[in-house]
Amino acid sequence: MGTAWAPTPLPAEQRVPGYAVMPRRRARLSAAFPGERLIVPAGELKVRSNDEDYRFRPHSAYAWLTGLTGEDQVGHILVLEPSGPEGHEPVLYLRPRSPRGGPNRGSEFYRDRRYGEFWVGRRPDLAEASRLTGVRTEHLDDLEKLLTGPQPATRVLAGVDPALDAVTERPGSPALAAGDGRLASVLSELRLVKDSWEVEQLQLSVDHTVLGFQDVVRALPTALQHTRGERWIEGVFNLRARAEGNGTGYDTIAASGAHACVLHWIRNDGALDPNALLLLDAGVETDTLYTADITRTLPLSGTFSPVQRQAYELVLAAQDAGIAALRPGASFRDFHRAAMRVIAEGLADWGVLRIPAEQALQEDSGIFRRYTLCSTGHMLGLDVHDCAKARAETYLDGVLEEGQVLTVEPGLYLQPDDETLPAELRGLGIRIEDDLVITADGAHLMSGALPRTADGVESWMANLLS
Ligand code: GLY
Ligand code: MN
Ligand code: MN
């Protein structure tokens, strides 16, 4: 079996997407840790059951530094080795494609369900991977050697690859113990401002997500007939996500009626009530692993009832106020505060809030949070809740910068069993979520192809359903 295989080289000109931007990212990381070895793993497979694993997605930091985003990156490791005037030399430790000949006569190729080419498809060999990425490559088996003996000061992105953690935490590797989380936080912080290639990728994910939302509206007549219409909708959106990109960037939320009052309703096992609203929160992840995060709340009848419209328009006004607060130099929390002020004032006008809006807006007032549940947005990028390890002073307590991409997603969640509410408002859950990039003097709405106003939503639905 080890003989008579024709060569099947990858095209010589093939490069990872974003090839040109990767060196600059690595240089920025290098500058933050002079003289230290940095180890960033792609991650390991997770067993689903017996010999079945969950589909693999490399860790976002590894993808961000290498441009390698495929399922074939299982167990791979990027090392930034301190050296030379550049500060660090990047080296990728990879499992090369399954050998067909040699001492084991292709046993991995045929017999290894996890890594054999016959089972899971082709990986690049070491020379191909080096050409694809512009980074020197070594065999993964040689990593152990690197981590044995005298070590430079070393930092590992911990909690991603259990096998690597086991090696670097073993006794006798004191130099590997810089587990203070600084590598993780710096990696998050370097990703706060997107480069222009990333903004293009995010726009692509938004554009594909828009197609998915259109698909869902077209599928409503069928979904309404199904006993689990929410699942039907999830399936329709996810088909588009898988067809256009890598899949969904997070589990799709398809919530009819009061299910929308559960922030992360991903059970999606309900029927669709034709008189209720549908909250759809979904995003397509590109093959390069960037995701959109968009929510629309749609009247399943095609037309908002007066009370649905009243609640919808309050959330829309809050979103408008939030978007208007976006600009470089504004504090990150400003857009949340602006949106919440509109909602608090609206609830006070309706007589739902029985204390002044000002008092309800105090940080510690649970009185108001029962109707809004969470904050109004977050950074968006390779992860849906991007840059989550950034220190508060650079993100949550920081200021906005040109090139950051974020969501603005105020919501009103009026629980069906909330006795503070008049009966007609109970069970309404509304969120409007859009994706924006901060520009020199404000913000650009990336998801503007989907209507936001109540009238706009109704006519968009009518067009798609006609
Ligand atoms: N889909 C999760 C979120 O909106 O943050
Ligand atoms: Mn979001
Ligand atoms: Mn969302």
Side-chain angles (χ1 to χ4, degrees), residues 57 60 188 191-192 194 202-203 205-213 216 230 233-234 236-238 240-241 245-256 259-268 277-286 289-298 312 315-316 318-320 322-323 325-326 332-333 335-336 338-340 343 369 371-390 395-396 400 404-413 429-438 443 445-452 457:
R57 178 193 189 275
S60 297
S188 262
R191 284 166 46 199
L192 279 166
K194 273 59 186 176
L202 283 160
Q203 187 63 59
S205 66
V206 166
D207 294 347
H208 290 152
T209 301
V210 168
L211 294 179
F213 275 67
V216 163
E230 292 176 345
I233 282 168
E234 174 190 332
V236 168
F237 185 85
N238 292 12
R240 178 61 75 173
N246 188 48
T248 52
Y250 55 92
D251 287 323
T252 296
I253 297 166
S256 167
H259 286 164
C261 298
V262 179
L263 267 187
H264 284 177
W265 177 257
I266 58 170
R267 292 182 206 167
N268 301 345
L277 299 173
L278 170 76
L279 184 154
L280 175 63
D281 182 343
V284 175
E285 180 180 81
T286 60
L289 307 186
Y290 288 84
T291 190
D293 180 12
I294 299 179
T295 305
R296 286 295 180 269
T297 307
L298 313 173
Y312 185 92
V315 177
L316 180 65
Q319 200 201 25
D320 284 339
I323 290 173
L326 298 177
F332 176 79
R333 296 187 196 272
F335 74 93
H336 170 66
M340 289 304 101
I343 295 216
R369 266 212 319 272
Y371 308 120
T372 57
L373 301 181
C374 70
S375 69
T376 305
H378 51 83
M379 297 295 172
L380 186 68
L382 284 164
D383 297 317
V384 62
H385 296 160
D386 210 35
C387 311
K389 299 266 166 56
Y395 179 2
L396 298 177
L400 297 176
Q404 291 179 335
V405 175
L406 45 70
T407 69
V408 177
E409 51 175 307
L412 200 49
Y413 309 97
I430 297 168
R431 176 161 66 251
I432 311 173
E433 177 171 28
D434 281 273
D435 303 340
L436 299 106
V437 56
I438 304 295
L445 182 63
M446 302 174 78
S447 42
L450 286 175
R452 297 189 303 122
V457 166

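Note that ligands are numbered from 1 as they come in the structure, with each ligand's atoms numbered from 1 the same way.
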Atom indices of ligand 1, in the order listed, that fall short of 4.0 Å to a heavy atom of Y250: 1 (N)
Contact check: H378 to the Mn ion (ligand 2), N/O/S below 2.8 Å: yes
Criterion side-chain contact (heavy atoms from CB on, under 4.5 Å) against D293, the qualifying member of D383, V206, V384: V384
Of D435, L280, I432, the residue whose pairing with I294 passes side-chain contact (heavy atoms from CB on, under 4.5 Å): D435
Non-hydrogen atoms of A254 and L278 that approach each other most closely: C-CD1, 4.3 Å
Numbering as shown, the atoms of ligand 1 that approach E433 to under 4.0 Å (heavy-atom distance): 4 (O)
Worked verdict on N238 versus T248 for side chain to side chain donor-acceptor pair (under 3.5 Å): CA-CA 6 Å; N238 292 12; T248 52; 4.7 Å; no
Ligand 1 contact by D281, heavy-atom criterion under 4.0 angstrom: yes
Nearest protein heavy atom with distance in Å, relative to atom 5 (O) of ligand 1: H385 NE2, 2.6 Å
Least distance between heavy atoms, R431 atom then T297 atom: O-OG1, 2.7 Å
Residue pair D251, R267: steps toward the salt bridge (charged side-chain N to carboxylate O under 4.0 Å, His left out) verdict: CA-CA 10 Å; D251 287 323; R267 292 182 206 167; over 6 Å; no
Nearest heavy-atom neighbours spanning R57 and L289: NH2-O, 3.3 Å
Point-to-point distance, once rounded to the nearest 0.5 Å, from CZ of F213 to CZ of R240: 13.0 Å
The Mn ion (ligand 3): protein N, O or S atoms [distance under 2.8 Å]: D281 OD1, D281 OD2, D293 OD1, E433 OE1
Aromatic ring pairing W265/H259, orientation class (parallel under 30°, perpendicular over 60°, tilted between): parallel
Non-hydrogen atom of H378 closer than 4.0 Å to ligand 1: yes
Per-residue contact class, D293 against ligand 1 - non-hydrogen pairs under 4.0 Å: side chain
